Number of protein chains: 2
Amino acid sequence: MKLSTRARYGTKALLELALHENGELVPLKEIAQRQDIPLPYLEHLISPLVQAGIVRSTRGIGGGVSLVKPPHQVVLSEVILLLEGSLAPVDCLNHPETCPHSGHCVTRGLWNEVREAISGVLDSITLQDLVERQRREDEP
Amino acid sequence: MKLSTRARYGTKALLELALHENGELVPLKEIAQRQDIPLPYLEHLISPLVQAGIVRSTRGIGGGVSLVKPPHQVVLSEVILLLEGSLAPVDCLNHPETCPHSGHCVTRGLWNEVREAISGVLDSITLQDLVERQRREDEP
DNA sequence: CTCTTGTTGACTATTTTGGTCAACAATTAA
DNA sequence: TTAATTGTTGACCAAAATAGTCAACAAGAG
């Protein structure tokens with residue numbers, strides 16, 4: 001039940017972007033340094049975020065990446081789903097056909113409740129929430 | 001964020017035991033067959049459950065395993081914690097010393113909320129609940 | 001046109017997971 | 001007491017997932 005580094009790194013990278021409010025471009029190199037992420041690995045994490053329309057990018061001098069939407073519109077469930085592939089703790093929730101017992105499996109119902117609990121939390125938190133927590137952490 | 005087969009198989013095995021109410025001994029071979037678990041693998045899953053006092057075992061002819069406590073006293077969080085090693089989606093929750101930022105990391109707080117959501121569900125469900133769901137599934 | 005920065009795909013290394021095998025211990029029945 | 005049965009343990013192995021690297025390329029800016 002561990003989160004992959006993709007999800008962890010990706011979340012931290014987006015938080016970093018959200019902290020640069022005005023849609024300012026931030027070079028991947030800077031994100032990599034500030035969040036301790038290997039640059040070539042970060043490049044692979046950013047790519048799906050760009051394709052999903054969460055992040056936009058510009059190349060060349062002064063280039064970098066930034067959020068497309070304001071932080072309060074980026075919900076974490078969307079992010080984790082994208083980076084992790086799924087929020088389900090077992091495959092049979094997304095692909096019932098892979099298990100012959102899906103239709104009448106009691107444990108499957110259990111894992112479904114776990115998934116809903118996870119989604120519930122991640123649906124309710126946005127990048128803006130993380131930004132505010134960070135500010136509270138930094139200043140008082 | 002996938003559950004290991006250890007946790008999935010283990011839960012199914014315990015449910016199987018809970019369905020044999022009276023503390024009746026069930027051979028591992030039977031559990032393995034009914035739940036589609038490789039027998040030698042199941043043996044390794046049962047072992048920690050025996051050591052944790054959740055299951056007792058008897059060898060020899062007519063031997064097998066059974067629950068130590070009645071199903072309503074076996075909480076799933078205990079089981080999953082045992083088989084999975086942890087309910088935390090990231091290691092830094094259990095071992096803050098492994099990450100230099102633990103003390104002031106915003107994402108860590110987020111993952112902690114996820115863990116609490118998972119625990120909340122698993123704390124509230126016992127083997128007896130699963131048994132009842134199974135009965136409801138079987139009979140009407 | 002060259003420097004910088006992002007993009008892509010192939011590749012590799014490491015770790016985790018899932019599973020097997022064999023030797024052994026305990027229990028029961030013949 | 002011996003043989004069959006069933007659980008126990010530890011070593012071992014294979015496959016898959018994960019994490020990470022490298023190199024070639026594309027596109028902007030000076």
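Proteins come first, then strands; the chains are lettered A, B, ... in the order of their sequence lines, and each starts at number 1. Quantities reported herein were computed from a predicted structural model and do not represent experimental measurements. Just so it is clear, the values below take in all heavy atoms, side chains as well, and ignore hydrogens, waters and symmetry mates.
- Under a hydrophobic clustering in which Ile, Leu, Val, Met, Phe, Trp and Tyr are joined whenever their side-chain heavy atoms come within less than 4.5 Å, directly or via other members, B:L110 and A:V75 fall into different clusters.
- Atom CZ of B:R56 and atom C1' of D:dT8 are 17 Å apart (whole Å).
- Projected onto DNA chain D by closest heavy-atom contact, A:P38 and A:T58 fall at different nucleotides, the more 5' of which corresponds to A:P38.
- Going from atom CZ of A:R59 over to atom P of D:dG30 covers 17 Å, rounded to whole Å.
- Judged by distance alone, the side chains of B:T5 and B:Y41 do bring a donor and an acceptor atom under 3.5 Å apart.
- Distance CD (A:E30) to P (C:dT4): 17 Å, rounded to an integer number of Å.
- Of the candidates D:dT9, D:dA19, C:dG18, D:dA19 carries the atom nearest the A:Y41 side chain, counting heavy atoms from C-beta on.
- Atoms CG (B:L3) and C1' (D:dA17) sit 16 Å apart, rounded to a whole Å.
- Taking atom CZ of B:R8 as the reference point, atom P of C:dT17 lies 12 Å away to the nearest angstrom.
- Residues B:G60 and A:I61 each lie close to DNA chain D; by heavy-atom proximity, the contact nearer the 5' end of the strand is made by B:G60.
- Atom pair B:E43:CD and C:dA25:C1' shows a separation of 13 Å (rounding to whole Å applied).
- Between A:E78 and A:K69, at least one side-chain nitrogen of the basic residue sits less than 4.0 Å from a carboxylate oxygen of the acidic one, meeting the salt-bridge criterion.
- Within the structure, a side-chain polar atom (N or O) of A:S47 is placed less than 4.0 Å from OP1 or OP2 of C:dT8.
- Whole-Å rounding puts the B:Q51 CD to D:dG7 P distance at 16 Å.
- Comment: B:R34 engages B:E16 in a salt bridge, judged by a side-chain N to carboxylate O separation of less than 4.0 angstrom.
- Nucleotides of DNA chain C nearest to A:L39 and A:M1 differ in position, and the one nearer the 5' end is that of A:L39.
- Ranking C:dT20, D:dT6, D:dT8 by closeness to the B:P40 side chain, first place goes to C:dT20.
- Rounding to whole angstrom units, CG of residue B:L42 and P of C:dT20 are separated by 12 Å.
- If you check every strand for non-hydrogen atoms under 4.0 Å, B:P27 touches sugar and phosphate atoms only.
- Look at B:K2 and B:E84 and you find no salt bridge, because none of the NZ, NE, NH1 or NH2 atoms lies under 4.0 Å from a carboxylate O.
- Between the side chain of A:H44 and the base of C:dG6, no donor-acceptor pair under 3.5 Å is found.
- Note on A:Y9: every side-chain N or O is 4.0 Å or more away from OP1 and OP2 of D:dA19.
- Checking D:dG20, D:dG7, D:dA26 against every side-chain atom of B:L28, the shortest atom distance belongs to D:dG7.
- Out of D:dG7, C:dC21, D:dA19, the shortest distance to the side chain of A:T5 is found at D:dA19.
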